[in-house]
Amino acid sequence: MNLPAVPVSQPAAWPVEQNLRSWLSHLIDRGRLGQVRSRVELDQEVSTVLERLDGRRAVLFRDIAGARFPLAGNLVCDRADLAAAMGCLPHETATRYLAALDRPRPWTPVPDGGAPVLARRLDGEALLSRLPLTVQHEHDAGRYLTSALLVVRDQQTGATNLSINRMLAVGERSLRTLVLPGRLRRILAATERRGLDLDVAIVLGVDPLLGLASQAPAADRTLDDLEVAGALRTSPLPVVRCPVNGLPVPAEAEFVLAGHFRADVREPEGPFGEFPRTYGPSAPAPVIELVSGWHRDGAVCQTILSGGREHFLLGGIPREAALLRTLRWAHPEVTAVRLPEAGSCRLHAVVAVRAETAGSSMNVLLSTLGAAGTVKHAIVVDDDVDIHDDEQVGWAVATRVQADRDVLVLPRAAGSGLDPSAAGGMTAKLGIDATVAHDVRHRHARMRTRPTRPEWIERLLSEAATP
């Protein structure tokens, strides 16, 4: 099989063009991209490699059995990767995302002839079988799209909605699509009430900023997710109209597929391995029928390992931003929020506060458990604790908590339907107040070093780091 050359060059620093190719170049420059040249099977071989390297290394598979295109995965290994893409420090990712929500940037239209994603047509009877779609887990129902952006238009507001949905490939042109509660479900339901199909575009092969934009909060129906992506970038997002249905799609994506949700059609989808690293069940799901597709010259496909760091963080940082906004509105003393990877960036939360009055930290704890539906364990700490350092958070729990005084249990609350320990989506929520009361702060003074020559320390540290 003759593979197209993978257009990845040694780069200038990210951001350059801010697309998948420049992101791959950025990873090469950092020594974070491994390239597998041996032939790889799509049935769990790709996902096994990605799982073993999760959080440590991105991978480009150059030779995929039965597929025409190479495949990239693990493209976000940690929060620092997303911070680099967003142009901020790792602890600033939530506030940087909030700024993009507050000041979305209009996208730049690109004529059809100038859009790389429309360079070549996917013609012929075969369509989905030409793409390297993986079976990720032992009991998955089949080959899935896991990284694709599903593009629809809200007919009431005209805003573009992006989402990442698990999509089971059936045959050459059918995708059974999990549609969870949110803006896409509302748009689909409104269209089906009118007895109409819903036009869609499916975009494959994008940079992490578009992935983040696809997870923007669903409450604001006027928010255009392509404009959120533009606000996260250093320049407006280039966008072209999909030739079949006119939907706006990123002009520098690797692939775009055009189709429609078939009104009121539901077919079984699942099981599939999900974010808790257990299986989501099988259930009837809406069906997308594809009609055509296009791709860039030398296109590179993309996958996201379900239950991996990229899956956690792309969904987690937008959730952190939404929770931070909600908490700060009611509690100005909140300084930072983190959804840790140990809870899949969904089930655990850590909140830092400047304790101002007695009991305020417990109020923050209650608000956190109530505002974030999937969060079932929350910890509130003083802002002298770095919430991005798990050891410091653990230290605060170890030295500042008495269980009979500082632990709160809320039974029978609504939680995540994918939590295997919950019953019918009902869960118990646990809160831990790991802050220090004002009247006993003297007992919690942290050990510090105070060198007599502080200006000399950097030189000493530099010498100590030299072999």
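In this text, all values refer to a predicted model and were calculated from it rather than measured experimentally. Computed from heavy atoms alone, side chains included, the values below leave out hydrogens, waters and symmetry copies. The chain is numbered in sequence order, starting from 1.
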| Under the 3.5 angstrom rule, does the side chain of Q215 hit a backbone N or O of R319 as a donor-acceptor pair? | no
| message | Measuring only between side-chain heavy atoms, which start at C-beta, is L290 closer than 4.5 Å to L175? | response | yes
| message | Applying side chain to side chain contact (heavy atoms under 4.5 Å, CB included) to V300 and L71, what does each step give before you reach the verdict? | response | CA-CA 6 Å; V300 181; L71 179 66; over 6 Å; no
| request: Check side-chain contact (heavy atoms from CB on, under 4.5 Å) between R56 and all other residues, then give those that pass, not counting sequence neighbours. | output: L53
| Would a 4.5 Å heavy-atom cut-off, applied to side chains only, mark R241 and P248 as touching? | yes
| said: Quick check for you: to the nearest 0.5 Å, what is the distance between R153 atom CZ and N245 atom CG? | reply: 8.0 Å
| request: Output the distance between atom OG (S147) and atom CG (L145), rounded to the nearest 0.5 Å. | output: 7.0 Å
| request: Assess the side chains of T303 and T146: does a donor N or O sit below 3.5 Å from an acceptor N or O? | output: yes
| salt bridge (Lys or Arg N to Asp or Glu O under 4.0 Å) contacts in which one or both residues fall within residues 74-84, not counting sequence neighbours | R30-D81, R32-D78, R32-D81, R79-E320
| query | Got a sec, which pairs hit ring pair (Phe, Tyr, Trp, His ring centres under 6.0 Å) with one end in residues 231-275, sequence neighbours left out? | reply | F69-F255, H137-F272, Y144-F272, F255-H295
| query | Do W294 and C242 come within less than 4.5 Å of each other through their side chains, counting heavy atoms only? | reply | yes
| said: Can you list everything that forms a side-chain contact (heavy atoms from CB on, under 4.5 Å) with R185? Sequence neighbours excluded, please. | reply: V179, P181
| query | Counting only N and O atoms by type, is there a donor-acceptor contact under 3.5 Å from the side chain of S361 to the main-chain atoms of D433? | reply | no
| Straight-line distance of I387 CD1 to T335 OG1, nearest 0.5 Å | 7.0 Å
| query | Hey, are the side chains of V228 and L101 touching, using non-hydrogen atoms and a 4.5 Å cut-off? | reply | yes
| field | Atom pair CZ (R233) and CG (N19), whose distance is rounded to the nearest 0.5 Å | value | 7.5 Å
| request: Give the C-alpha distance, both sets of side-chain angles, the deciding distance and a yes or no for side chain to side chain contact (heavy atoms under 4.5 Å, CB included) between L313 and L212. | output: CA-CA 9 Å; L313 289 163; L212 284 169; over 6 Å; no
| said: For the backbone of P236 and the side chain of T108, can you confirm whether one donor and one acceptor N or O come within less than 3.5 Å of each other? | reply: no
| query | Going by atom types only, do T160 and D224 share a side-chain donor-acceptor pair under 3.5 Å? | reply | yes
| message | According to ring pair (Phe, Tyr, Trp, His ring centres under 6.0 Å), does anything in residues 297-334 pair up with another residue at least two apart or in another chain? List the pairs. | response | none
| query | Does some side-chain heavy atom of L305 sit less than 4.5 Å from a side-chain heavy atom of E310? | reply | no
| message | Would you compute the distance between atom CG of L149 and atom CG of L226 and round it to the nearest 0.5 angstrom? | response | 9.0 Å
| task | Determine whether T368 and V364 make a side-chain contact, defined as any pair of heavy atoms from C-beta on separated by less than 4.5 Å. | result | yes
| task | To the nearest 0.5 angstrom, please state how far the CD1 atom of I187 sits from the CG atom of N161. | result | 4.5 Å
| field | Inter- and intrachain pairs under salt bridge (Lys or Arg N to Asp or Glu O under 4.0 Å), touching residues 90-113, at least two apart | value | D102-R325
| field | Any donor-acceptor N/O pair, D383 side chain to A352 backbone, under 3.5 Å | value | no
| query | Is R166 salt-bridged to E274, cutoff N-O under 4.0 Å? | reply | yes
| task | Check the pair E254 / C301 against side chain to side chain contact (heavy atoms under 4.5 Å, CB included), numbers first and verdict last. | result | CA-CA 7 Å; E254 298 293 314; C301 204; over 6 Å; no
| request: Indicate yes or no: does R296 engage E252 in a salt bridge with an N to O separation below 4.0 Å. | output: no
| request: Could you check if a side-chain atom of R143 sits within less than 4.5 angstrom of a side-chain atom of L128, using non-hydrogen atoms only? | output: no
| query | For E45, does the CD atom sit with more than 12 other heavy atoms under 6.0 Å from it, leaving out its own atoms? | reply | yes
| said: Is it true that T191 and Q155 share a donor-acceptor pair across their side chains at a distance under 3.5 Å? | reply: no
| task | May I ask you to decide if A159's main-chain N or O and D154's side chain share a donor-acceptor pair within less than 3.5 Å? | result | no
| field | Residues H377, L347; criterion side chain to side chain contact (heavy atoms under 4.5 Å, CB included); working and verdict | value | CA-CA 6 Å; H377 300 146; L347 302 175; over 6 Å; no
| request: Taking the side chain as every heavy atom from C-beta outward, state whether D297 and R120 have any pair of such atoms under 4.5 Å apart. | output: yes
| message | Exactly one of L82, L324, L232 should register a side chain to side chain contact (heavy atoms under 4.5 Å, CB included) with Y97. Which one does? | response | L232
| message | Can you see whether N165 engages T177 through a side-chain donor-acceptor pair at a distance of less than 3.5 angstrom? | response | no
